[in-house]
Amino acid sequence: MNEIRFHNTLSNRLEALAPLHPGEVRIYTCGPTVYDFAHIGNFRTFVFQDILRRFLLSRGLRVMQVMNLTDVDDRIIQKAAEAGVSIREYTEKYIEAFLADMAALNLQAPEEIVRATDHVEDMVDLIERLKEKGLTYESEGSIYYRIAKFPEYGKLSKIDVGGMKAGARVDNDRYEKDDARDFALWKAPKPGEHFWETRIGPGRPGWHIECSAMAMKYLGETLDIHTGGVDLTFPHHENEIAQSEAATGHPFARMWMHAEHLIIEGEKMSKSLGNFFTLRDLFMKGQKPSTIRYLLLSVPYRRQLNFTGDSLKQAEASVERLRNFVTRLKTEGFAAGSNAKIEKLADKAEEDFDAGLADDLNTAFSLAAIFDLVREVNTAMDRGEFRQQDAPRIVAAMQKFDPILAVLNDDDADKLAKVGFVPKKPRMNAEAVEALIEQRNVAKKRRDFKKSDEIRQQLADSGIILEDSKDGSVRWKYK
RNA sequence: GGCGCGGUACCCAAGUGGUAAGGGAGAGGUCUGCAAAACCUUUAUGCGUGGGUUCGAUUCCCACCCGCGCCUCCA
């Protein structure tokens, strides 16, 4: 098997994965800020992270992944106040929605999903450590990190912060800082705002400190991989490095992996452009979970992904092709015996699939390996060169791919129902479908094709596709 | 301006110093009562532009153009 190599933002090159604790990969994943429903762009990043962990698991590695939920920040405080509820109550709804959305997209739950507000103590501890080392200062009740004390600042984003002058920019926080580059570790409470009473005074945590504190609590002072969207590289991850490494004296994350953004119809997604989609928006429009997951995983994570109506159609058709193939394998009858060539095709596909992923999660390459297999096996079937005993081998290959792709085995409607999305019009149940198919069979026997075609059309209007096979049996599926 | 990602057929997209994977879509064909599914053929003498290195470059070097992101607590 090929060596696993990932692109490390820190070195800006491909590096072999070498976990600190052999056999186990410790990953920290920047999760969502739960002030609203997560959008499709967020899920592009989360799908990348899911592919990452699933691939590592497929290699027999243990994965310890921690994902945070940022459940306290300016927006949350403001919105909760507007709604007249506590931060906890306000975020609960969006956390539940996020977990449901994850399940809908077949995103495996990380080993730990942790909330910032459950870890204020850990953050206070970390801030105290920084304080003892003389890396902080206080101003109007807030505590800041003094960037000037961390010479390596900027090593991740390669941003030369030397030019940024204090007061040169509008400070969104409207707190007084000595240097524009400095960031808040702890924010003094504003009147009427929710705050924590702690050893370092009343207030609430800054954004960056939660990730450092929680990552180190669950994964140790040095983790193997830290992931997030490209936009987090600066300042968020840069600040995490500054805080963590200054406090411990050890490297914080050995490898940083960042997912490129998703754009919509060639444009940046934004609320003002009206191209801002949540998952539920897409489900309401009739998009299937498998379609969305496939589209998000089919473009390698370091490439910008253009999310368009056309690309959704293409993704849906691709998933359909794969599913049709599996159905054919399982339902069609083949002549007895086996064909050594088929075994080789399966071996090659499995090898290539894995090699693609090992090469910085090149999902496009891996998918091509699968489609090569699909085409070659279909051809062999059509030519009568595929035998009964070949089927289990190919089914096994497909079942080897799906723990990573996770788009083959689910029934989309069931999936949606399970996570609480109810389609606008209910599907025709299986009994009704079978009954109509039987009527059509009778008509066909009489060679009353007008009638049989009417029935087929009737089913098609209800989203049922029929496939007549040579032996007279009829396969059907929901569109 | 700085940092980063990218510009490959109608669309999505892989890729290598030696002559362009895969998927979708279109066209034609096989199969079928007709469909669906599947298969076959077909759609880039060319991979943003201009130079250079080389026997040979889409792949290496230089310059330039264009798109996008970050540099403002947006994945």
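Comparing the P positions of B:rC66 and B:rG26 gives an interatomic distance of 36 Å, to the nearest angstrom. Comparing B:rA75 with B:rG50, their P atoms sit 42 Å apart, to the nearest whole Å. With C1' as the reference atom, B:rC68 and B:rG15 are 23 Å apart, rounded to whole Å. For the C1' atoms, the distance linking B:rG17 with B:rA57 amounts to 6 Å, nearest Å. Using atom C1' as the reference point in both B:rU8 and B:rG23, the two lie 15 Å apart (nearest Å).
For the pair A:Arg427 and A:Tyr478, the cation sits on the ring face: its NZ or CZ lies under 6.0 Å from the ring centre, inside 45° of the axis.
B:rG67 atom P lies 17 Å from atom CZ of A:Arg303, rounded to whole Å. Atom CG of A:Asn8 and atom P of B:rC5 are 13 Å apart (whole Å).
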Under 3.5 Å, side-chain donor or acceptor atoms of residues 380-387 of chain A against the rest of the protein: list the pairs with distances, not counting sequence neighbours.
from	atom 1	to	atom 2	distance (Å)
A:Asp382	OD1	A:Arg328	NH1	3.4
A:Asp382	OD1	A:Arg328	NH2	2.7
A:Arg387	NH2	A:Gly384	O	3.3

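For B:rA13, the OP1/OP2 oxygens have no side-chain nitrogen or oxygen of A:Asn306 closer than 4.0 Å.
For the pair A:Asn12 and A:Phe371, nearest-nucleotide mapping onto RNA chain B gives the more 5' position to A:Asn12.
Not a single donor-acceptor pair under 3.5 Å links the side chain of A:Asp402 to the backbone N or O of A:Leu405.
In this structure, a donor-acceptor pair under 3.5 Å is absent between the side chains of A:Asp453 and A:Gln457.
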Item to check | nucleotides 33-38 of chain B: protein proximity per nucleotide (B base, S sugar-phosphate only, - neither; heavy atom, under 4.0 Å) | outcome: BBBBSB
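Listed in residue order, the members of residues 310-318 of chain A having a heavy atom less than 4.0 Å from RNA chain B are A:Asp310, A:Gln314, A:Ala317, A:Ser318.
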